[in-house]
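The model shown is predicted, which means the values in this text are computed figures rather than measured ones.
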Amino acid sequence: MTDKNLYLPFEVDFKELEQFPKSSWKNNFFELIYVVDGNGIQIINDNKFQYKKGNLFLVTPKDIQSFEILTPTKFFFLRFNEYYIKTNTQNGQMETVLRMEYILQNASHRPGCILKNNIDKPLIASLIESIIAEKSNQQIYHQKIIEQIVNTIITVVARNIALKLPKNIKETTGELVLEILHYIQENIYDPRKLKANIISESFNISPNYLGKYFKKQTGETLQEYISNYKLRLIEARLLNSDMRINEIADELSFSDESHLNKVFRKYKGMNPTAFRKMHLK
């Protein structure tokens with residue numbers, strides 16, 4: 001596997017491909033990939049998801065990705081790094097920078113199309129068309145205009161991720177809770193690291209304070225957040241992949257398929273198979 005680096009704060013690229021490079025790679029930067037036309041399969045972190053025209057994927061620095069192209073596909077690529085976020089966030093406010101970094105990192109483990117807000121889908125399509133036109137025409141100030149459009153795209157993506165964040169998380173939320181949330185997401189596949197005492201030790205705070213602080217900042221208890229986050233991951237696998245239920249159970253460290261079914265039914269009122277069939281009609 002190859003690591004890929006980015007040597008500019010951001011770059012945009014547009015390619016029509018019949019075959020994607022065969023080797024998987026891991027980026028050391030963020031990458032937005034928009035499907036202008038075509039269809040096939042996105043492979044990210046060993047999971048497969050069908051893609052089609054209008055899909056937008058966010059690949060974070062820790063993701064491993066590749067594509068299987070079924071029909072010739074026009075891809076738009078927008079790559080940017082953390083330095084770009086820091087230097088282009090409004091007024092350079094530290095809390096806003098932390099917020100932007102967090103919501104982008106929060107996309108880890110969330111495969112499939114990042115656009116969950118329907119009104120943003122035509123907006124993103126229009127913005128990307130504008131960038132392609134600016135690159136093609138090369139008129140005066142085109143680079144500055146592209147930079148402004150890139151800022152808007154990243155902000156729209158952030159909004160779509162933020163729609164799925166804990167309900168009490170706001171722009172003024174402190175750095176500590178963002179670090180705790182990111183820790184949970186990074187370790188969601190390792191139940192041992194998600195125990196309250198282990199998290200408390202990791203952040204040098206008492207378990208009692210952790211529980212009260214987390215509830216106040218997010219509106220959810222620690223266990224509620226972990227459970228809800230796992231449920232969102234299960235939903236993503238059910239709707240965007242052909243993974244079997246036992247494979248999802250194994251990936252997310254449930255004791256077995258029966259355990260996953262029981263937990264999912266408790267929160268969703270139906271088993272995972274019924275949920276998948278209902279939403280994929």
Side-chain angles (χ1 to χ4, degrees), residues 1-45 48-89 100-101 104-105 107-108 110-115 120-158 160-161:
M1 182 180 64
T2 305
D3 279 19
K4 295 181 69 175
N5 297 306
L6 181 67
Y7 299 101
L8 298 171
F10 82 90
E11 65 180 29
V12 294
D13 195 11
F14 179 71
K15 292 181 179 179
E16 183 171 1
L17 301 173
E18 294 185 2
Q19 186 174 0
F20 215 77
K22 290 185 177 181
S23 59
S24 298
W25 67 81
K26 181 176 68 175
N27 292 339
N28 290 322
F29 48 85
F30 294 98
E31 184 172 33
L32 284 164
I33 305 172
Y34 182 76
V35 180
V36 178
D37 200 11
N39 65 82
I41 299 170
Q42 180 205 28
I43 306 170
I44 187 162
N45 302 328
K48 294 186 177 182
F49 308 91
Q50 292 189 3
Y51 73 78
K52 61 182 180 180
K53 177 180 179 180
N55 283 164
L56 180 66
F57 304 104
L58 174 59
V59 182
T60 71
K62 295 185 178 181
D63 292 325
I64 302 170
Q65 66 137 352
S66 64
F67 284 87
E68 291 179 4
I69 296 175
L70 300 181
T71 64
T73 300
K74 295 178 181 178
F75 290 105
F76 171 84
F77 301 91
L78 166 56
R79 306 175 184 102
F80 59 97
N81 53 30
E82 292 185 5
Y83 173 77
Y84 183 79
I85 300 170
K86 288 180 170 64
T87 56
N88 285 275
T89 305
M100 185 67 79
E101 287 181 325
L104 292 173
Q105 289 288 2
S108 290
R110 289 201 181 184
C113 181
I114 203 72
L115 294 175
D120 286 333
K121 294 179 180 180
L123 173 59
I124 287 291
S126 176
L127 291 170
I128 289 173
E129 285 177 9
S130 297
I131 289 180
I132 294 172
E134 288 294 334
K135 278 183 66 68
S136 175
N137 296 330
Q138 297 278 304
Q139 292 188 346
I140 188 171
Y141 301 137
H142 75 277
Q143 190 61 30
K144 188 64 178 177
I145 291 172
I146 288 174
E147 183 176 333
Q148 295 297 323
I149 298 173
V150 164
N151 291 344
T152 302
I153 290 174
I154 294 173
T155 304
V156 172
V157 167
N160 278 263
I161 301 169

Could you tell me which non-hydrogen atom of Gly38 sits nearest to which non-hydrogen atom of Thr71, and how far apart they are?
CA-OG1, 3.6 Å
Only residue of Leu56, Asp120, Leu78 satisfying side chain to side chain contact (heavy atoms under 4.5 Å, CB included) with Val157 is Leu56
From CA spacing to verdict: side chain to side chain contact (heavy atoms under 4.5 Å, CB included), Gln50, Leu70
CA-CA 10 Å; Gln50 292 189 3; Leu70 300 181; over 6 Å; no
Starting from the C-alpha separation in whole Å, work towards a yes-or-no answer on side chain to side chain contact (heavy atoms under 4.5 Å, CB included) for Tyr51 and Ile33.
CA-CA 11 Å; Tyr51 73 78; Ile33 305 172; over 6 Å; no
About how many Å separate CZ of Phe76 and CD of Glu129, when rounded to the nearest 0.5 Å?
11.0 Å
How many angstroms lie between atom CD1 of Ile132 and atom CG of Asn137, to the nearest 0.5 angstrom?
11.5 Å
Minimum side-chain heavy-atom gap Phe30-Ile154 below 4.5 Å
no
Residue pair Phe75, Ile69: steps toward the side chain to side chain contact (heavy atoms under 4.5 Å, CB included) verdict:
CA-CA 11 Å; Phe75 290 105; Ile69 296 175; 3.8 Å; yes
About how many Å separate CD of Glu11 and CZ of Arg79, when rounded to the nearest 0.5 Å?
5.0 Å
Can you tell me how far the CD atom of Glu68 sits from the CG atom of Asn39, to the nearest 0.5 Å?
12.0 Å
Determine the minimum heavy-atom distance between Gly54 and Cys113, stating which atoms define it.
O-SG, 4.5 Å
Nearest heavy-atom pair of Gln138 and Lys135: which atoms, and what distance?
NE2-O, 2.8 Å
Do you know the tightest heavy-atom contact between Ile149 and Ser130?
CD1-CB, 3.8 Å
Below 6.0 angstrom between ring centroids: does that apply to Phe49 and Phe57?
no
Just how far is it from atom CD of Gln42 to atom CZ of Phe20, taken to the nearest 0.5 Å?
9.5 Å
Is any side-chain heavy atom of Phe80 less than 4.5 Å from a side-chain heavy atom of Ile153?
no
If you count the non-hydrogen atoms of other residues, nucleotides and ligands that lie under 6.0 Å from CD in Gln139, is the total more than 12?
no
Side-chain heavy atoms of Glu31 within contact of Phe29, under 4.5 Å:
yes
Check the surroundings of atom NZ in Lys121: do more than 12 heavy atoms from other residues, nucleotides or ligands lie under 6.0 Å from it?
yes
Tell me, do Ile146 and Phe10 make a side-chain contact under 4.5 Å, heavy atoms counted?
yes
Starting from the C-alpha separation in whole Å, work towards a yes-or-no answer on side chain to side chain contact (heavy atoms under 4.5 Å, CB included) for Phe14 and Val36.
CA-CA 9 Å; Phe14 179 71; Val36 178; 3.8 Å; yes
